[in-house]
Amino acid sequence: MAHWLLKTEPEAFSLDDLKARGQEPWDGIRNYQARNFLRQMRVGDEVFIYHSRVPVPGIVGIARIVTEAHPDPTQFDPQSPYYDAGSSPADPRWDLVDIAYLAHCVPAVSLESLREMPEFADNPLVRKGNRLSIVPISESQWQAVLARVTLV
DNA sequence: GCCAACGTTGGC
DNA sequence: GCCAACGTTGGC
């Protein structure tokens with residue numbers, strides 16, 4: 001089982017929103033590297049949910065992949081902010097996966113603490129200027145974070 | 001709100 | 001195919 005980290009701006013969609021809905025299509029990914037990671041995800045993979053663009057960015061909870069990658073319908077919707085005129089239904093450019101809420105991490109694990117963890121030294125998440133919205137997480141990184149939190 | 005870093009676009 | 005311009009991301 002692989003692990004991943006998904007970034008979200010809680011002002012747009014937060015872990016609490018995911019908890020309230022139970023399950024949600026993770027739509028709007030418009031970056032090829034992130035899309036390729038989406039396509040590697042398998043049902044049952046567990047992911048960290050990370051809040052960005054907040055006073056203390058960091059990992060706030062965990063979720064589970066419940067569908068494999070399939071075309072993101074928002075790419076075909078001219079009303080959607082994620083509309084992509086260059087993508088055709090015959091050959092969709094962008095995918096999404098559906099994720100289900102599992103738990104909050106208490107306490108949250110801030111980016112600052114991740115930077116201090118040796119397991120994360122090579123993770124793109126802690127690199128300056130990193131803009132990847134989906135990041136692979138190794139087993140040791142996954143365990144190191146879980147060792148610091150209670151799942152609530 | 002600022003701005004560095006990055007990915008994408010498009011003129012040539 | 002290069003690369004300047006542009007738009008976006010995300011920490012601070």
Review point. Between Thr8(A) (side chain) and Pro10(A) (backbone), is there a donor-acceptor pair under 3.5 Å?
Key: no
Review point. How far apart are the C-alpha atoms of Phe48(A) and Trp142(A), what are their side-chain angles, what is the distance that settles it, and do they pass the ring pair (Phe, Tyr, Trp, His ring centres under 6.0 Å) test?
Key: CA-CA 8 Å; Phe48(A) 289 133; Trp142(A) 182 261; 4.1 Å; yes
Review point. Rounded to the Å, how far apart are Arg30(A) CZ and dG7(C) C1'?
Key: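 Interatomic distance, CZ of Arg30(A) to C1' of dG7(C): 16 Å.
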Exercise for review: Select from Lys128(A) and Arg93(A) the residue whose nearest nucleotide in DNA chain B is closer to the 5' end of that strand.
Suggested key: Lys128(A)
**Study point:** Partner residues of Leu151(A) under the side chain to side chain contact (heavy atoms under 4.5 Å, CB included) criterion, sequence neighbours left out
**Key:**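 Leu151(A): side chain to side chain contact (heavy atoms under 4.5 Å, CB included) contacts with Ile62(A), Ala103(A), Cys105(A), Leu146(A), Val149(A).
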Enumerate the protein-to-nucleotides 8-12 of chain C contacts in which both atoms are nitrogen or oxygen and the separation is below 3.5 Å.
{"from": "dT8(C)", "atom 1": "O2", "to": "Arg131(A)", "atom 2": "NH2", "distance (Å)": "2.7"}
{"from": "dT9(C)", "atom 1": "O4'", "to": "Arg131(A)", "atom 2": "NE", "distance (Å)": "3.4"}
{"from": "dG10(C)", "atom 1": "OP1", "to": "Lys7(A)", "atom 2": "NZ", "distance (Å)": "3.1"}
{"from": "dG10(C)", "atom 1": "OP1", "to": "Arg131(A)", "atom 2": "O", "distance (Å)": "3.3"}
{"from": "dG10(C)", "atom 1": "N7", "to": "Arg53(A)", "atom 2": "NE", "distance (Å)": "2.2"}
{"from": "dG10(C)", "atom 1": "N7", "to": "Arg53(A)", "atom 2": "NH2", "distance (Å)": "2.4"}
{"from": "dG10(C)", "atom 1": "O6", "to": "Arg53(A)", "atom 2": "NH2", "distance (Å)": "2.6"}
{"from": "dG11(C)", "atom 1": "OP1", "to": "Tyr50(A)", "atom 2": "OH", "distance (Å)": "2.7"}
{"from": "dG11(C)", "atom 1": "OP2", "to": "Arg53(A)", "atom 2": "N", "distance (Å)": "3.2"}
{"from": "dC12(C)", "atom 1": "OP1", "to": "Arg115(A)", "atom 2": "NH1", "distance (Å)": "3.4"}

Exercise for review: Could you list the residues that satisfy ring-ring contact (aromatic ring centres under 6.0 Å, His included) with Phe37(A), not counting sequence neighbours?
Suggested key: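 Phe37(A) satisfies ring-ring contact (aromatic ring centres under 6.0 Å, His included) with Trp4(A) only.
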Exercise for review: Applying ring pair (Phe, Tyr, Trp, His ring centres under 6.0 Å), run through Tyr32(A) and Trp94(A) and close with a yes or a no.
Suggested key: CA-CA 8 Å; Tyr32(A) 287 104; Trp94(A) 306 113; 4.7 Å; yes
